[in-house]
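Below, all heavy atoms of this structure are taken into account, side chains as well, without hydrogens, waters or symmetry copies.
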Amino acid sequence: MGDGENVVQKEFRVSLFERTKDKVNGKLMLGIEAFFSKPASYLKENWIEPMQAKHRGNYYHRRFRRVPTIDECLVDDQLCMYEANEQMKRDKMVDKQIVKHLKIRFDECRRKYQDGAQTRCYQTYEDWQNTREDFLVKWGDMPPQHSALDVYYKQVHRMIHERRQRENPENKQKSV
C-alpha cells in the first residue's frame, strides 16, 4: 500500500525548473495582459460607458400606457384624439408583426418537414390563416391615411352588419 501512494505522488511531481518556468511564463503573461487590458479597461470604464449612459434609451419592448380609445374621447378633445390615433398605429404595427411572425413560423415548419409538412404544419397554418383573416377584417380596406375614427366606424358597421345577418338569415345569401 505504501508503494502505490509513492507512485501516485511521483506522477504529479513537477521539477523545480518546470515550476520556475511556469512562474516566469505566468508572470510574463500577466504582465502582457495588464499592459494591454488595463488601459483598455480604464478607457471603457471612465470614458466610453459614461458617454453611452447619457444616450442610452429603452427601445426594446417599450411599453406604452393604454390611452382612451377614440369612442371615449370628447368631441373637442384634440389631445385625446391624437393619443388614440397613435395607439391605433401601434396596435396595427403589433398586429402586422404577429401575422408576419406566424407566416415565418409556418414557412420554417414547411422547410423543416418538407414531405410531411401538410400534416405536421397544419396547426401552424391554421393559426397563421386565422390571424391573417382577423387582421384583414380589422385593418383591411382602409385608406392609406386612416385615423382611429375610421377604424372605429368600420368596426361599428361590421357589428351592425353581423347583427343584421343573425336577425335575417335569408339576407345572408343576398349580401354574398
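- Within the structure, every pair that satisfies the disulfide bond (SG atoms under 2.5 Å apart) test and touches residues 118-151, not counting sequence neighbours, is listed here: Cys109-Cys121.
- Annotation: side chain to side chain donor-acceptor pair (under 3.5 Å) contacts of Asp127 (sequence neighbours excluded): Gln123.
- Exactly one residue among Arg163, Gln155, His161 makes a side chain to side chain contact (heavy atoms under 4.5 Å, CB included) with Met159. That residue is Gln155.
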Run the side-chain donor-acceptor check on residues 29-45: report pairs under 3.5 Å with partners two or more places apart or on a different chain.
{"residue": "Ser37", "atom": "OG", "partner": "Glu33", "partner atom": "O", "Å": "2.7"}
{"residue": "Ser41", "atom": "OG", "partner": "Ser37", "partner atom": "O", "Å": "2.8"}

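- Closest heavy-atom contact between Pro50 and Asn46: CG-O, 3.6 Å.
- Here the closest heavy-atom approach between residue Cys73 and residue Pro68 is recorded as SG-O, 4.4 Å.
- Each side chain to side chain donor-acceptor pair (under 3.5 Å) pair with one or both residues in residues 65-76, not counting sequence neighbours, appears once here: Arg66-Asp91, Thr69-Asp71.
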Verdict with reasoning, Met142 to Lys92, per side chain to side chain contact (heavy atoms under 4.5 Å, CB included): CA-CA 12 Å; Met142 296 300 291; Lys92 185 176 180 180; 5.5 Å; no
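- Within 6.0 Å of atom CZ in Phe135, more than 12 heavy atoms from other residues, nucleotides or ligands are found, so the atom counts as buried in its surroundings.
- Residue Asp141 places its CG atom among 12 or fewer non-hydrogen atoms of other residues, nucleotides or ligands, all under 6.0 Å distant.
- A salt bridge does not link Glu167 to Arg164: none of the charged side-chain nitrogens sits closer than 4.0 Å to a carboxylate oxygen.
- Taking CZ of Arg110 as the reference point, atom OH of Tyr125 lies at 9.5 Å (rounded to 0.5 Å).
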Exercise answer: donor-acceptor pairs, residues 99-107 side-chain atoms, under 3.5 Å, sequence neighbours excluded:
{"residue": "Lys103", "atom": "NZ", "partner": "Asp107", "partner atom": "OD1", "Å": "3.1"}
{"residue": "Lys103", "atom": "NZ", "partner": "Asp107", "partner atom": "OD2", "Å": "3.4"}

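- Here Glu108 pairs with nothing under the salt bridge (charged side-chain N to carboxylate O under 4.0 Å, His left out) rule; sequence neighbours left out.
- By the criterion of side-chain heavy atoms lying less than 4.5 angstrom apart, applied directly or through intervening Ile, Leu, Val, Met, Phe, Trp or Tyr residues, Ile160 is grouped together with Ile70 in one hydrophobic cluster.
- Here Tyr153 pairs with Leu149, His157 under the side-chain contact (heavy atoms from CB on, under 4.5 Å) rule; sequence neighbours left out.
- Annotation: side chain to side chain donor-acceptor pair (under 3.5 Å) contacts of Tyr122 (sequence neighbours excluded): Glu126.
- In terms of the side chain to side chain donor-acceptor pair (under 3.5 Å) criterion, Asp134 has no residue partners (sequence neighbours excluded).
- For Lys96, there are no salt bridge (charged side-chain N to carboxylate O under 4.0 Å, His left out) partners two or more places apart in sequence or in a different chain.
- In this structure, the separation between CG on Leu136 and CG on Asp95 is 11.0 Å, given to the nearest 0.5 Å.
- Under the side chain to side chain donor-acceptor pair (under 3.5 Å) criterion, Arg158 pairs with no residue, sequence neighbours left out.
- In the hydrophobic cluster analysis, where Ile, Leu, Val, Met, Phe, Trp and Tyr join through side-chain heavy atoms closer than 4.5 angstrom, Met81 is grouped apart from Val67.
- Under the 4.5 Å side-chain heavy-atom criterion for ILVMFWY residues, a single connected hydrophobic cluster contains both Trp128 and Val94.
- Here Val137 is tied to no hydrophobic group at all, with no ILVMFWY side chain closer than 4.5 Å.
- For Arg132, the CZ atom is loosely surrounded, since the number of other residues' heavy atoms within 6.0 Å does not exceed 12.
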